Amino acid sequence: MLDEKRLKILSEGAKYDVSCSSSGSKRQNKAGGIGNACFGGICHSFTQDGRCISLLKILMSNDCHYDCKYCINRCSNGTERATAEPDEICKLTMEFYKRNYIEGLFLSSAVVKNPNYTMERLFDTVKKLRTEYHFNGYIHLKGIPSADKLLIERTGFYVDRISFNVELPSERSLKLLAPQKSKSAIIEPMKMLAMDKYYDNPLKLNRRKDFLPAGQTTQMIIGASPESDAHILKLTEYMYRVYKLKRVYYSNYTPTNFNTSLLPQVQAPLIREHRLYQADWLLRFYGFTADEITGEDGNLSTEYDPKCAWALKNLGLFPVEINSASPEMLIRVPGIGVKSAYRIMQARKNAKLDFCDLKRLRVVLKRAQHFITCNGKFMGSKNEYAIKNLLIGAEINQSGEQLSMFGGEAGFSALTGEL
Ligand code: SF4
């Protein structure tokens, strides 16, 4: 059994990977098996900063052969090393699951010896878990770039989700900070796992149930290298479209104990990570493109959320009439999310809507009022400078409501992710 000392080292080493959160796959337990996975997100449990904590998140080894400058596990760092055997990880997962500590496993590893050796050990672990320990719960595996394609493909039959982490958003930064990695080694497996044969139909709407049912994700480190938000979001947009990724995660760079002029010595501002998550939401659910939501300097505004920033840049398109605007335009109004736009579309079939109705339909009027009319009536400000100040005020209030986790229109928006 994995002793406490190694367990501590291996779970500490895994905490920098944020590319796990939702299960997103559904599988019932089988006779003689244990556990199940469900769309409801059995592995959902979030810390205050929104990160998932209910998976057993562990490294198979932190004894890395590579020397990525930003990483605590790099070979040149004098950190304590530990490695777990496949059976030790399997037993630990089963014990934790039976005690209700966890609902699934997030398994990652440093590159031990070489990519194929590491991927083989990871494959052995998940295969054993499924076939010998009959674990039927959720498994998210961190894939090892440069490993054999056949091995990666075979692994896909035993895990729910896999992530090949992009880490740094350009080839240039990879060369500088993670010299043993390359863009093609990371991208190629993503490309392979997005092939038509892994989907139920040519439109690629659903993945096959027996192969990576929860799809692929990736992670990018923000602020360790100089790429702009526009660069990061264009790459994100491309990966969603071409590789059908389920999620892209952004991890704020935190300096490690490595003194080098190649890396910033201070932590990147958290607001940047927050804005990228908001922008990512707009790419996936609101029909925005990366070009539309980044500013002239190539970055997202820190003052306003990306949807407000876009609306302020395009004031000429507003106000829009709530009772006749297209659904595409409704969801572009700050304060109207996808769900509230749907409610508006339904409600206005029966009657003309006024501002009181909008409140009831969970529209965040503090923001929306400057961009809409209801039956021709306008309640916002026409002064651009005043609107900007009011929107900043609304965001500050929303932060307060988020902290209290109580209701209120902005609090609702914060909880649902609607912008
Ligand atoms: S491959 Fe790079 S990022 Fe991954 S554990 Fe090794 S040093 Fe860290």
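No hydrogens, no waters, no symmetry mates; every other heavy atom, side chains included, goes into these values. Predicted model, so just to flag it, every value in this text is computed and none were measured. Whatever order the structure lists ligands and atoms in, that order sets their numbers, starting from 1.
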- Item | Side-chain (R272) to main-chain (P269) donor-acceptor, under 3.5 angstrom | no

- Please identify each residue that fulfils side-chain contact (heavy atoms from CB on, under 4.5 Å) with R275, with sequence neighbours left out. I271, Q278, L300, D305, P306, E395

- With sequence neighbours excluded, give me every side chain to side chain donor-acceptor pair (under 3.5 Å) pair touching residues 110-129. E85-R121, D87-K128

- Message: Please determine whether the number of non-hydrogen atoms from other residues, nucleotides or ligands lying under 6.0 Å from atom CD of E4 exceeds 12.
- Response: no

- Determine the interplanar angle of the F106 and H140 rings, folded into 0 to 90°, and report it as parallel if under 30°, tilted if 30 to 60°, perpendicular if over 60°. perpendicular

- 2.8 Å shell around atom 8 (Fe) of ligand 1, exclusive bound, protein N/O/S atoms: 1

- Item | Summary of ring pair (Phe, Tyr, Trp, His ring centres under 6.0 Å) pairs that have at least one residue in residues 212-242, sequence neighbours excluded | Y238-Y243

- Item | Protein heavy-atom partner closest to atom 4 (Fe) of ligand 1 - residue, atom, separation in Å | K181 NZ, 3.9 Å

